[in-house]
Engineer: 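Could you have a look at this structure, given as structure tokens, before my questions?
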Amino acid sequence: MVTTFQTEERRAAALINDALEALGYGRREFDMRAIPFTGVWGTSASVCYQIATEQVTAEHAAELEGLSKKEAKRRTQELVRQRAQEIAEQVAARLREVGGFASVEATNGYINITFDTDRFSNELVRAVLTHGKDYGRGEPKSERVMVEYSQPNTHKAFHIGHLRNVCLGNALSRIMRFAGFDVLEANYIGDIGLHVIKTLWCYQRFHRGEEPPREQRGRWLGEIYTEADQRLNYRQDVVDLLNDLARNDPAFREAVDRMMKELWRAHPVGEDVAYLLGQIAHAREIKPDAFYDDATIAHFWPIVGKQLTQMLEAARQRPPQQTAERAAGEPELPTPADYEAWLERWERLAAHLDWWPHVPEWQREVRQTFQLWETKDPAFVALWKETRDWSLEEFNRIYEQLDVHFDVWFYESEVEELGRQIVQELLEKGIAEISDGLPVVKIDEKLGLEKETYRTLPILRSDGTTLYSTKDLALTKIKFEQYHVDRAIWVVDVRQSLYLQQIFKVMELWGFAQAAKCYHLSYETVMLPTGAMSSRSGNVVLYEDVADRVLRRAREIIDEKNPALPDELKERIARDVGLGSMKYGMLMRDNNRVLVFDIEEALSFEGHAAPYIQYAHARACRILEKVDTIPTEGLHFVDLTPEEINLIQHVAAFPSDVERAASEYKPLVIANYVYELAKRFNDFYRACPVLQAPEPQRSARLALVAAARQTLVNGLGLLGIAAPEIM
RNA sequence: GCGCCCGUAGCUCAGUGGAUAGAGCGUUUGCCUCCGGAGCAAAAGGCCGCAGGUUCGAAUCCUGCCGGGCGUACCA
């Protein structure tokens with residue numbers, strides 16, 4: 001959408017160029033920028049600096065030659081600044097003759113042009129009110145874009161980390177569509193793979209016949225997955241803790257003799273005692289399969305626990321270590337908090353010492369279960385389908401709540417076969433080769449790169465089962481060939497960054513021109529104040545739990561602020577405000593920054609958050625509902641206050657920010673925009689009475705309120721956030 | 001080793017090579033007889049990690065270093 005504001009900016013640039021030419025400086029390429037001062041609506045050019053620099057360096061070459069580098073620099077700066085101002089004054093004088101601008105001034109070497117606010121405000125307000133929900137929409141573009149996002153795994157929990165993905169992907173889709181692209185929103189469900197096999201193994205082995213609570217079957221399945229993972233990794237987890245202790249705590253290493261004596265008394269298996277003694281004393285890695293006796297760890301564990309408790313006590317007694325006191329090179333001693341964390345891990349593992357002997361057998365069983373899938377065992381496939389639906393039901397409930405709707409649903413299970421065929425094709429074409437017994441693409445080699453950049457991508461397991469890459473190659477081919485996608489976007493965690501670059505390069509090697517327009521919108525991990533989320537350690541925050549709390553809190557506040565509203569309306573507002581707050585929290589932070597999710601912050605509806613913006617909207621609605629019609633013609637925007645100008649200016653900037661958000665794939669641009677707009681509206685609201693203002697001011701302000709309200713709605717809409725009229 | 005990301009106010013973070021680096025939270029002090037106080041105003045708080053370089057001009061671009069995170073062939 002080209003606004004009159006932008007047209008006027010271009011006209012100004014053209015006239016400046018005419019003036020430069022007439023003054024003998026020649027035409028230049030330069031951008032116009034908004035004047036950065038508050039309460040002024042206009043555009044500025046810094047082109048005079050360009051010209052001044054050229055002239056100064058030419059005219060003062062001899063003088064500058066004789067100076068030291070530093071002095072020359074300072075002198076140039078001084079001369080350029082003066083000259084830029086002189087040129088700006090000449091240009092300004094000429095532009096004033098041409099006329100058509102409210103004012104033209106030369107300040108600090110810039111040419112500042114202010115707009116005829118009366119005329120442009122009239123045009124702006126009329127444009128916003130006639131276009132309505134389409135204000136800011138871009139010209140239709142012929143390109144088809146597919147945004148693949150969400151990609152949840154069935155049989156696993158949907159946690160707060162998944163929310164960041166959904167919010168980003170959905171907002172990006174809305175923005176791209178609004179900017180004029182033909183957008184397809186695609187979901188890609190991870191309904192098969194090792195995690196599904198593990199879950200189903202654990203279900204069959206330990207939970208068959210249990211009836212999960214109906215509404216929570218998806219979540220229940222996620223718990224089974226966690227349990228499966230804990231069981232299968234049990235030995236490794238135990239050994240990891242011992243290794244961490246031996247590596248990071250000298251006191252633990254020093255205690256090894258005493259601990260081993262105790263272990264020997266309880267469980268005299270010489271080889272194991274000797275092994276533990278040697279590895280711990282020298283902080284060498286303990287391996288989970290190096291034990292002779294399955295019961296050794298069970299006997300050793302209480303001893304470790306006792307030692308940890310003692311060390312925690314000792315650490316608490318110890319005065320806090322001063323960094324200065326510590327000799328150089330000496331490692332930092334563990335803090336009480338370290339010991340508490342270790343003890344927590346110790347306790348969790350202590351609860352399942354009976355698992356240790358079974359781990360190898362369980363791992364075998366999982367491999368057998370994988371075979372049931374590979375051979376499409378009917379009973380197993382039926383179980384898979386049934387449990388898969390439990391998860392999908394939960395996902396759909398969440399998408400419904402978030403107002404997220406996909407045009408295309410892909411499933412990993414549906415691209416396995418095509419993936420295998422593709423591996424064959426790539427092998428035949430010589431793009432892939434067998435290395436160490438499995439098909440891989442040696443990308444750097446194929447591209448002729450000397451430095452390692454894309455490395456090697458395995459595309460099938462050596463046992464013939466499919467990998468994520470096998471399926472992704474197939475899926476990407478489908479996107480290109482069946483959906484005719486010109487530009488494919490993946491919204492995926494940053495940790496898969498190299499992996500996706502590899503996929504793009506393989507598509508390129510394979511001959512797909514669209515590979516050049518593949519884009520990975522990566523985002524950093526969502527962490528908890530307690531650290532990284534990990535389903536195995538149980539440190540996860542589930543989406544539905546957070547949503548429940550946030551919506552309940554929103555409801556409490558509405559009950560407080562607006563007790564008279566009908567129940568149904570209150571419920572709807574609570575949903576709009578609560579969900580808006582959650583979504584905004586996910587979008588207001590740059591995507592390549594780690595996001596620490598703090599529930600307390602999510603429950604606060606004050607300050608820089610969605611409710612602030614929604615509140616500005618509700619205030620605007622309060623004003624507008626008190627008049628019958630919004631005047632749009634012949635308004636008088638004269639003697640404007642700075643608050644009015646700032647608001648008008650920002651409303652006018654919406655279309656170009658939409659464009660920028662789309663071209664940079666950055667929903668954050670809109671998140672910032674909409675907050676700033678609300679802020680400026682609140683400033684205006686305080687400073688400028690509307691209903692009590694005398695005519696013609698009253699009409700102009702009413703129209704401005706209506707325009708700002710509409711722009712708030714449009715901007716929030718791009719983030720998937722509703723704008724309730726009352727809250 | 002190599003590669004990517006982050007480092008800005010006490011904390012959490014915005015910031016498109018341009019003019020005086022901004023918000024929120026927290027702290028202190030004010031503002032509801034006035035379109036809704038989920039709001040507003042004021043104060044305090046900054047070697048924009050460090051050092052060079054490019055430029056008329058650098059928080060922004062380039063190089064090196066320091067600190068933190070992540071990735072690096074059969075997990076997804």
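So you know, we letter chains A, B, ... as the sequences are listed, proteins then strands, and number each from 1.
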Engineer: For E725(A), I'd like to know if atom CD has over 12 heavy atoms of other residues, nucleotides or ligands within 6.0 Å.
Structural biologist: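 No, not enclosed.
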
Engineer: Is the centre of the F504(A) ring less than 6.0 Å from the centre of the H520(A) ring?
Structural biologist: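 No, too far apart.
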
Engineer: With a cut-off of less than 4.0 Å, is there a side-chain N or O of K679(A) near OP1 or OP2 of rG24(B)?
Structural biologist: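 Looking at the OP1 and OP2 atoms of rG24(B), one of them is under 4.0 Å from a side-chain N or O of K679(A).
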
Engineer: Whether R81(A) and E78(A) form a salt bridge (side-chain N of Lys/Arg under 4.0 Å from carboxylate O of Asp/Glu) is what I want to check.
Structural biologist: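 Salt bridge absent between E78(A) and R81(A).
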
Engineer: What is the separation between atom CG on L668(A) and atom P on rC6(B), rounded to the nearest whole Å?
Structural biologist: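 Rounding to the nearest Å, CG of L668(A) and P of rC6(B) are 13 Å apart.
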
Engineer: Using the side-chain heavy atoms of Y612(A), tell me which of these nucleotides is nearest: rG39(B), rG71(B), rA19(B).
Structural biologist: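 So the side chain of Y612(A) is nearest to rG39(B).
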
Engineer: Please state the C1' separation for the pair rG22(B) and rU8(B) - nearest whole angstrom.
Structural biologist: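 So the two C1' atoms sit 10 Å from each other.
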
Engineer: Give the rounded distance in Å between these two atoms: CD of Q502(A) and P of rC74(B).
Structural biologist: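 From Q502(A) CD to rC74(B) P: 11 Å.
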
Engineer: Only counting residues at least two apart or in another chain, list the ones meeting salt bridge (charged side-chain N to carboxylate O under 4.0 Å, His left out) with D683(A).
Structural biologist: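 Listed in chain order: nothing, the list is empty.
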
Engineer: I'd like to know if R455(A) and E445(A) make a salt bridge, using a cut-off of under 4.0 Å between side-chain N and carboxylate O.
Structural biologist: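 No, this pair does not count.
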
Engineer: Look at all strands and tell whether L500(A) reaches a base, only sugar-phosphate, or nothing, counting heavy atoms closer than 4.0 Å.
Structural biologist: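 Here L500(A) touches no strand at all.
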
Engineer: Check whether the side chains of T530(A) and N539(A) place a donor and an acceptor atom closer than 3.5 Å, and report yes or no.
Structural biologist: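 Their side chains do contain a donor-acceptor pair, which is all the 3.5 Å distance test asks for.
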
Engineer: I'd like to check, for Y615(A), whether its ring lies over the base of rG36(B) with centroids under 5.5 Å apart and a plane angle smaller than 30°.
Structural biologist: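 So no, this residue does not stack on that base, at least one cut-off failing.
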
Engineer: When Watson-Crick pairs (N1 to N3 and N6-O4 or O6-N4) and G-U wobble pairs (N1-O2 and O6-N3) count only below 3.5 Å on both distances, what is the dot-bracket string of RNA chain B, with | for other-strand pairs?
Structural biologist: (((((((..((((....[...)))).(((((.......))))).....(((((..]....))))))))))))....

